[in-house]
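Being a predicted model, the structure only gives us computed values, none of them experimental.
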Amino acid sequence: SRAPAISVSAESCIPAGLRLGPVPGTFKLGKYLSDRKEPGLKKKVFSCAVTLVFQVRMVRGELVDEAGSSALEWIGLIRAARNSQEQTLEAVADLPGGQIFYRALRDVQPGEELTVWYSNPLAQWFDIPVTATPTHDEKGEERYICWYCWRTFKYPNSLKAHVHFHCALSHGRPFLHHDH
């Protein structure tokens with residue numbers, strides 16, 4: 001079954017480098033990622049501040065939602081970024097196998113959705129592909145092709161999530177880099 005479509009957005013500025021977390025529960029970032037950006041419930045976040053719209057704001061050095069709930073209660077609602085252009089946060093860990101946090105890659109402006117993807121070291125730790133090389137279809141549009149099952153994707157992170165979580169042909173095999 002699919003996770004509900006919920007988004008978390010900034011109500012006010014979230015400064016670059018701000019760390020959120022730790023992320024609770026089993027970490028499966030991208031498991032429900034698809035090429036489509038699905039409309040759904042929203043949560044706004046306040047900082048420099050989160051609400052099903054999530055709004056978050058900075059209170060005594062911590063991001064909280066409009067009800068005063070800490071990040072532990074809404075951080076799992078932040079959607080996976082489909083590509084680096086829409087990514088505002090990266091998932092990081094202090095040590096391999098340690099607790100996972102989200103870090104703002106840049107200042108996030110009011111109204112922007114928070115989206116997250118793995119940092120390169122964390123992706124390597126979880127055996128998530130770090131790169132995806134596009135090809136072009138007959139219309140000249142970029143596409144990403146699974147090197148195991150040949151399914152095509154519009155966004156690189158959709159391909160990476162597919163290879164790690166869903167491709168029946170990739171399971172039990174090491175990740176094939178594009179130069180193999």
Side-chain angles (χ1 to χ4, degrees), residues 2-59 61-67 69-94 98-126 128-132 134 142 144 153-162 164-165:
R2 295 188 50 78
I6 296 174
S7 65
V8 178
S9 63
E11 178 64 25
S12 59
C13 179
I14 296 174
L18 182 71
R19 215 166 88 150
L20 310 171
V23 178
T26 304
F27 191 68
K28 293 188 177 185
L29 176 61
K31 180 158 176 107
Y32 301 105
L33 182 62
S34 75
D35 278 346
R36 291 189 341 238
K37 189 171 189 177
E38 298 173 6
L41 300 172
K42 298 188 183 296
K43 182 95 171 157
K44 289 186 182 173
V45 197
F46 303 98
S47 170
C48 276
V50 178
T51 137
L52 275 287
V53 177
F54 279 106
Q55 297 180 336
V56 290
R57 78 176 134 245
M58 189 68 73
V59 175
E62 180 184 10
L63 274 179
V64 298
D65 70 15
E66 64 184 10
S69 301
S70 73
L72 290 177
E73 298 186 36
W74 51 262
I75 196 167
L77 301 175
I78 296 173
R79 289 199 280 194
R82 297 173 297 175
N83 57 40
S84 61
Q85 290 77 28
E86 72 180 24
Q87 181 180 356
T88 57
L89 308 170
E90 71 176 348
V92 297
D94 291 331
Q99 288 185 310
I100 296 170
F101 295 84
Y102 292 166
R103 185 179 66 80
L105 292 170
R106 59 175 174 74
D107 289 347
V108 179
Q109 300 305 312
E112 271 190 271
E113 181 180 2
L114 300 181
T115 58
V116 63
W117 194 250
Y118 298 82
S119 65
N120 285 348
L122 195 60
Q124 290 171 346
W125 174 258
F126 280 106
I128 302 284
V130 175
T131 60
E142 280 191 351
Y144 297 85
F153 297 88
K154 186 174 179 181
Y155 297 99
N157 292 349
S158 300
L159 166 65
K160 295 171 190 176
H162 163 78
H164 183 73
F165 292 108

Do [X] side-chain atoms and [Y] backbone N/O form a donor-acceptor pair below 3.5 Å?
X: K160; Y: V130; value: yes
X: R106; Y: A16; value: no
X: D107; Y: P15; value: no
X: T115; Y: E86; value: yes

As an exercise, state the distance from [atom1] of [X] to [atom2] of [Y], rounded to the nearest 0.5 Å.
X: R79; Y: L114; atom1: CZ; atom2: CG; result: 11.0 Å
X: R103; Y: E90; atom1: CZ; atom2: CD; result: 4.0 Å
X: N83; Y: W117; atom1: CG; atom2: CH2; result: 11.0 Å
X: I75; Y: L20; atom1: CD1; atom2: CG; result: 5.0 Å
X: S9; Y: E112; atom1: OG; atom2: CD; result: 9.5 Å
X: I128; Y: S119; atom1: CD1; atom2: OG; result: 11.5 Å

*Classify the angle between the aromatic ring planes of F153 and H162 as parallel (below 30°), tilted (30 to 60°) or perpendicular (above 60°).*
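Because their plane-to-plane angle lies in the 30° to 60° range, the rings of F153 and H162 count as tilted.
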Of all the heavy-atom pairs spanning [X] and [Y], show the shortest one and how long it is.
X: L33; Y: A81; value: CD2-O, 3.9 Å
X: R82; Y: D35; value: NH1-O, 2.9 Å
X: G30; Y: A161; value: O-CB, 3.2 Å
X: L122; Y: V92; value: CD2-N, 3.9 Å
X: A91; Y: V116; value: N-CG2, 3.7 Å

*State yes or no: are the ring centers of Y118 and F27 separated by less than 6.0 Å?*
yes
*Determine, step by step, whether I100 and F126 satisfy the side chain to side chain contact (heavy atoms under 4.5 Å, CB included) criterion, reporting the C-alpha distance in whole Å, the side-chain angles of both residues, the deciding distance to 0.1 Å, and the verdict.*
CA-CA 12 Å; I100 296 170; F126 280 106; 3.8 Å; yes
So do the side chains of [X] and [Y] get within less than 4.5 Å of each other, counting heavy atoms only?
X: Q87; Y: L105; value: yes
X: L29; Y: F165; value: no
X: F101; Y: V23; value: no

